[in-house]
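If you read the sequence from its start, that first residue is 1, and numbering goes on from there.
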Amino acid sequence: MPSFQARLKITGLRPGNPPEAVMDAAVEALGTCHHVESHQLQIAGGVPQLNLRFLVEATEYSGENRHAVESAAMMRDAVERVALTGTLTVLRRARGRWLPV
């Protein structure tokens, strides 16, 4: 199964939501379609960033990429209910490196 990573910058919380609700929303949304291998919060350039690694069912290369991007967008929509978001990046693991999709 191909491995992908979604990186989503978080620029703020929506009123009434605790910080942990951001990661909970991301993992829950992505987990509805894929196995989430790992998830973590990092600071990149002074901005919080969610990093979620997930597996996509093996089909054909472009279809796998499309499905990963669509799933990451769905995850972003779920996170936007509790937080303000910035850049979303989707990467694919290939030969030991993370490459942009």
Measure the spacing between [atom1] of [X] and [atom2] of [Y] and express it to the nearest 0.5 Å.
X: Arg66; Y: Ser71; atom1: CZ; atom2: OG; answer: 11.5 Å
X: Leu55; Y: Glu64; atom1: CG; atom2: CD; answer: 11.0 Å
X: Glu60; Y: Asn65; atom1: CD; atom2: CG; answer: 8.5 Å
X: Cys33; Y: Glu70; atom1: SG; atom2: CD; answer: 9.5 Å
X: Asn51; Y: Arg7; atom1: CG; atom2: CZ; answer: 5.5 Å

Work out which heavy atom in [X] is nearest to a heavy atom in [Y]; give both atom names and the distance.
X: Pro18; Y: Gly16; result: CD-O, 4.0 Å
X: Ala29; Y: Met74; result: O-CE, 3.1 Å
X: Gln49; Y: Lys9; result: OE1-NZ, 3.3 Å

- Query: Does a side-chain heavy-atom distance below 4.5 Å link Pro2 with Arg93?
  - Reply: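 Pro2 does not reach Arg93 side chain to side chain.
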- Would you say Met1 and Glu57 make side-chain contact, with heavy atoms under 4.5 Å?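 Sidechains of Glu57 and Met1: in contact.
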- Query: With clusters built from Ile, Leu, Val, Met, Phe, Trp and Tyr whose side-chain heavy atoms come within less than 4.5 Å, directly or transitively, what are the remaining members of the cluster of Trp98, listed by chain and number?
  - Reply: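 Members other than Trp98 - counting any ILVMFWY side chain reachable under 4.5 Å - are Leu91.
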- Item | Residues clustering with Val79 (ILVMFWY side chains joined when closer than 4.5 Å, directly or via others) |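 Besides Val79, the cluster holds Phe4, Leu8, Ile10, Leu13, Val22, Met23, Val27, Leu30, Val36, Leu41, Leu50, Leu52, Phe54, Val56, Val69, Met75, Val82, Leu88, Val90, Val101.
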- Query: How about Glu28: does its CD atom have over 12 heavy atoms from other parts shown lying under 6.0 Å from it?
  - Reply: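 No - once you tally the heavy atoms of other residues, nucleotides and ligands closer than 6.0 Å, there are 12 at most.
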- Query: Any chance the side chains of Arg53 and Ser3 put a donor and an acceptor closer than 3.5 Å?
  - Reply: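 Ser3 and Arg53 do have a side-chain donor-acceptor pair below 3.5 Å.
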